[in-house]
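Just so you know, ligand 1 is whichever comes first in the structure, and atom 1 is the first atom listed for that ligand. It should be emphasised that the depicted structure is a prediction, and the values quoted were computed from it without experimental measurement.
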Amino acid sequence: MQLTVIVFLLLMSISQALAQTPFVPNYEEGSVGSYTLVEPLQLPKNKRITTQADWENRRKYWLDLFSGHVYGKTPTQPVTLHASIHHENREALKGRAIRKQISLHFVEYPQLPPVELVLYIPAKATKPVPVFMGLNFCGNHCITTEPDVPLVERWVGNAIGNVSINNRATQQSRGMQARRWPIDTILARGYALATAYYGDIEPDHPAGWQTSIRSVLGDSAKADNWGAVGAWAWGMSRIMDHLQTDSLLDAKRVIIMGHSRLGKAALWAAAQDTRFAGVIANESGEGGAALSRRNYGETVGRINTAFPHWFAPRYKDYNENVSALPVDQHILLALLAPRPLYVASAQEDRWSDPNGEFLGTKAAESVYALYGKQGLGATSIPSVNTAIGSTISYHVRTGVHDVTDFDWWQFLQFADDFVK
Ligand code: GTR
């Protein structure tokens with residue numbers, strides 16, 4: 001056998017062995033390693049941004065880097081929505097809510113399935129109400145026990161337990177995540193809730209793009225093609241398009257909220273779309289609020305391996321070379337300034353790197369300061385179950401990766417204080 005063939009076979013078997021090596025996350029603060037963060041206000045030639053106007057000119061530069069290297073480029077073609085309200089229940093939740101179920105069709109792309117939006121609006125509201133808007137993991141039937149919300153018909157995974165058959169939802173999943181969506185409390189505090197199943201925008205698996213907006217917009221041959229996170233973010237902006245048409249809602253006070261992978265999508269949506277008045281990222285972790293350069297919990301390499309369809313193809317170039325990324329996640333958070341931002345972590349959710357989420361939020365403060373907005377008021381992660389900050393707020397609560405009543409109490413207070 002020729003030497004080159006032997007070397008080739010040897011290299012192949014080494015790379016196969018490496019690919020099969022189980023990933024061992026680092027959970028030692030002392031082994032995180034040193035890193036240097038890109039400073040959002042830094043300009044070439046030792047210049048520095050000192051005014052809001054200069055920052056606003058600089059925003060596009062950073063957004064383009066996130067598009068080019070992390071999430072992929074969101075197509076800018078306008079897409080027309082046709083909204084068909086197929087159910088309107090003015091006596092929902094024992095008369096406490098007006099519930100509207102709306103199919104959002106993409107007029108230019110009739111081959112794509114519609115996004116099924118559900119809206120809960122306080123029945124007694126006398127003027128347009130602020131809105132919490134977020135995608136859900138398992139279908140609208142899953143966030144409520146009401147029997148007349150139909151089961152989602154599209155592909156579902158088993159993200160919430162083994163309650164689907166052949167990737168179709170079963171009645172067993174009805175209300176399964178109602179705990180994560182305290183609709184009554186949200187309504188009682190004077191907010192509407194708008195939610196849709198994230199899989200309506202793109203089913204969450206590597207071939208999901210074939211039935212999503214990414215099958216008709218974007219270019220899968222390009223290194224900066226958008227990924228599923230980009231599609232979910234785009235879908236949230238389309239929901240916003242619809243919220244702007246409903247006179248019962250105050251579209252200038254829409255707070256976008258997302259948990260975990262949907263927290264990543266919420267941050268990316270709000271960075272690009274300044275119509276969102278406030279942002280809440282719960283345990284958004286890697287590719288969300290956590291600093292990528294910290295080697296703690298999930299890493300860029302690991303997320304791109306486990307979820308190859310989430311980000312731009314070029315993001316994989318940084319799998320083993322994260323320090324070469326031209327951005328880090330604190331800059332994504334800075335792109336939300338001066339809008340209110342809440343980042344939340346959970347102590348046992350080490351995979352999402354709570355300290356990395358805190359430090360990411362902290363490193364966005366300099367941009368908020370340009371607008372005279374106060375930062376977190378702390379230099380290290382606060383004690384558990386203690387919310388800190390103001391326009392930028394943060395907490396780490398006890399417990400695991402989840403959305404709990406404790407989280408919602410903080411989010412509602414934050415929304416009352418800074419958005420309402
Ligand atoms: C995990 C993934 C995280 C987070 C989470 C979720 O498996 O590694 O980045 O997104 O899923 O969305 O629940």
Basic-acidic side-chain contact under 4.0 Å: E146, R99:
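Answer for the salt bridge query: yes.
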Between R275 and D241, does any side-chain N to carboxylate O distance fall below 4.0 Å?
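Salt bridge flag = yes for D241 with R275.
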Ring pair (Phe, Tyr, Trp, His ring centres under 6.0 Å) pairs touching residues 250-302, sequence neighbours excluded, are Y27-Y296, Y71-W268, H259-H401
Non-hydrogen atoms closer than 4.0 Å to ligand 1: which protein residues do they belong to? List them by chain and number, please.
F137, S260, R261, K264, E298, I303, F307, W310, W351, H401
Could you pull out all residues at least two apart from Y120 that satisfy ring pair (Phe, Tyr, Trp, His ring centres under 6.0 Å)?
none
Are H395 and D407 linked by a side-chain donor-acceptor pair shorter than 3.5 Å?
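Looking only at side-chain atoms, D407 and H395 do form a donor-acceptor pair, the distance falling under 3.5 Å.
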Side chain to side chain donor-acceptor pair (under 3.5 Å): which pairs involve residues 214-234, sequence neighbours left out?
E202-R214
